[in-house]
Amino acid sequence: MGNQGILIAFVVFMVIFALASPKFLSLDNLQSVVRSSAILGVMALGVTFVVISGNLDLSVGSMMSFSTIVVLDLHDKLGPSLAIPTMYLMTLGLGGTIGFLVGYLRLNSLIVTLGMLSAIHGLTLTYSGGKNMDIDDKAGTWFSFFGQGEILGLPVPIILFVALAAFLGVLLAKTPFGRKVYAVGGNSTAASFSGIPRARTVFTCYLISAFCVATAGLIQASRSMGSQNTVGQGLELEVLAAVILGGASLLGGSGTVLKTVIGVLILGFIQNGLLLIGWPFYIQYVITWIIIILAVWLDISVKRGKFWATI
């Protein structure tokens, strides 16, 4: 019922925006929305695994800033062929640290990732010396391919988003590991008694999230060929909103990759529609907050079987 309500609201928004702006449903605008949503979407794919496992990851925004700054800096020092894998390894190290603290030490994921949000931001500022990063020779490198290139007329960011969504969707829905993720998120105690390695499963979910964040950082760096050291600031809330909009429960144990993709597109089209009808960009933050509250309310309401709490 909750997911249907969200989808109905999305259709209503789409109709309103289409009537308000003739450009809204144009092919160029639709492709532009999907392309601009690719970075958020790639990050949301990884966080989907974390949320389904019964945990949270509020560090993805700061981690994306870190991966973007690192790959831009290493590009001029090592070249793109070495900079990209090095950045992935460093980002996976951060994800592994979170996974170890939450999975093996059983620390609260909200507290750990909230602390890591600040710690990684500080690490990024320390690494960059507080300065923004730019590639010196923008015209003489193939690095722009990941953010600006096209294959058969399709933007590479969209291809990466779709390919990663397809792979992770199969991983979550069709493999033993995916079933372990659902089991751990649904009832971690019962999963442990059933022989499912809870700690290792949670640890792996955070590695998947870190890999997705590194991919998002690569797309961002490649698209802009330069970046501020706060480029990912605030994205963690949008990512969480997209995942919850897609039907993943904050209580764990439910959600799919496909529905997360739908949640990402809902946010992307609503934000695009607001801009096309002339609303200022900062109103998006208010709308995002309203969407988060609505999504969480519907999620909890469906779980307890009623929409209004009674005393």
Side-chain angles (χ1 to χ4, degrees), residues 2-3 43-60 62-63 88-89 91-120 164-214 236 239-261 263 295-296 298-305:
N3 290 345
M43 296 171 67
L45 295 177
V47 173
T48 299
F49 280 76
V50 174
V51 172
I52 293 176
S53 72
N55 297 289
L56 294 174
D57 192 349
L58 299 180
S59 68
V60 291
S62 293
M63 197 181 298
Y88 268 88
L89 288 174
T91 307
L92 286 172
L94 295 176
T97 300
I98 298 172
F100 176 78
L101 294 173
V102 177
Y104 287 95
L105 297 188
R106 292 181 174 269
L107 301 183
N108 183 279
S109 63
L110 174 62
I111 302 302
V112 170
T113 57
L114 187 61
M116 287 296 288
L117 181 155
S118 179
I120 296 174
L164 194 56
F167 173 77
L168 292 178
V170 172
L171 179 65
L172 184 61
K174 302 296 183 180
T175 68
F177 172 75
R179 290 190 287 272
K180 292 175 184 177
V181 174
Y182 282 110
V184 168
N187 191 325
S188 61
T189 302
S192 297
F193 280 117
S194 300
I196 296 175
R198 175 201 170 276
R200 187 168 64 195
T201 301
V202 171
F203 179 81
T204 305
C205 287
Y206 278 103
L207 285 182
I208 292 173
S209 180
F211 179 87
C212 290
V213 170
E236 56 277 343
V239 168
L240 187 60
V243 173
I244 302 305
L245 270 176
S249 173
L250 287 174
L251 303 177
S254 66
T256 68
V257 168
L258 176 60
K259 289 182 178 180
T260 290
V261 172
V296 173
L298 289 173
D299 173 43
I300 299 299
S301 298
V302 169
K303 290 293 182 182
R304 69 189 179 197

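Just so it is clear, the values below take in all heavy atoms, side chains as well, and ignore hydrogens, waters and symmetry mates. Remember, predicted model here, so these are calculated numbers, not experimental data.
- For the residue pair S192 and R198, the shortest heavy atom distance occurs at OG-CB, 3.9 Å.
- Residues S59 and I98 form a side-chain contact, since some pair of their non-hydrogen atoms from C-beta on lies under 4.5 Å apart.
- Side chain of S118 to main chain of G115: no donor-acceptor pair is present (N/O by atom type, distance under 3.5 Å, no hydrogens or angles).
- Nearest heavy-atom pair, S249 versus S254, reported as atom, atom and distance to 0.1 Å: CB-OG, 3.1 Å.
- Taken to the nearest 0.5 Å, the CZ atom of F177 stands 11.5 Å off from the OH atom of Y182.
- To the nearest 0.5 Å, the span separating CD1 on I111 from CE on M116 amounts to 14.0 Å.
- Atom CE of M43 is separated from atom CG of L240 by 11.5 Å, given to the nearest 0.5 angstrom.
- Residues L56 and L114 have side chains not in contact (no heavy-atom distance under 4.5 Å, counting atoms from C-beta outward).
- Ring planes of Y88 and F211: tilted class, angle from 30 to 60°.
- In terms of heavy-atom proximity, V181 sits nearest to C205 at CG2-SG, 3.8 Å.
- Looking only at side-chain heavy atoms (C-beta outward), L171 and I208 come within less than 4.5 Å of each other.
- The environment of CZ in F167 is sparse: at most 12 heavy-atom neighbours from other residues, nucleotides or ligands sit within 6.0 Å.
- Atom OG1 of residue T113 and atom CG of residue L107 lie 11.0 Å apart, to the nearest 0.5 angstrom.
- Contact detail for K259 and G246: the closest heavy-atom pair is CB-O, 2.6 Å.
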Could you walk me through whether S209 and V60 satisfy the side chain to side chain contact (heavy atoms under 4.5 Å, CB included) test, starting with their C-alpha distance in whole Å, then the side-chain angles of each, then the deciding distance to 0.1 Å, before giving a yes or no?
CA-CA 8 Å; S209 180; V60 291; 3.8 Å; yes
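- To the nearest 0.5 angstrom, L207 atom CG is 9.5 Å from T97 atom OG1.
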I'd like to know whether L101 forms a side chain to side chain contact (heavy atoms under 4.5 Å, CB included) with Y206, so could you lay out the CA-CA distance, the side-chain angles of the two residues, the decisive distance to 0.1 Å, and finally the verdict.
CA-CA 10 Å; L101 294 173; Y206 278 103; over 6 Å; no
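- Of all the heavy atoms in A199 and G103, the pair that sits closest is CB-O, 3.3 Å.
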Where do L45 and V261 land on the side chain to side chain contact (heavy atoms under 4.5 Å, CB included) test, with the steps shown first?
CA-CA 8 Å; L45 295 177; V261 172; 4.1 Å; yes
Pair S109, V202 - check side chain to side chain contact (heavy atoms under 4.5 Å, CB included), show working.
CA-CA 10 Å; S109 63; V202 171; over 6 Å; no
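- Closest of all the heavy-atom pairs between E236 and S62 is OE1-N, 4.2 Å.
- For the atom pair CD1 of I120 and CE of M63, the computed distance is 4.0 Å after rounding to the nearest 0.5 Å.
- Looking at L58, V243, V213 one by one, the single match for side-chain contact (heavy atoms from CB on, under 4.5 Å) with V47 turns out to be V243.
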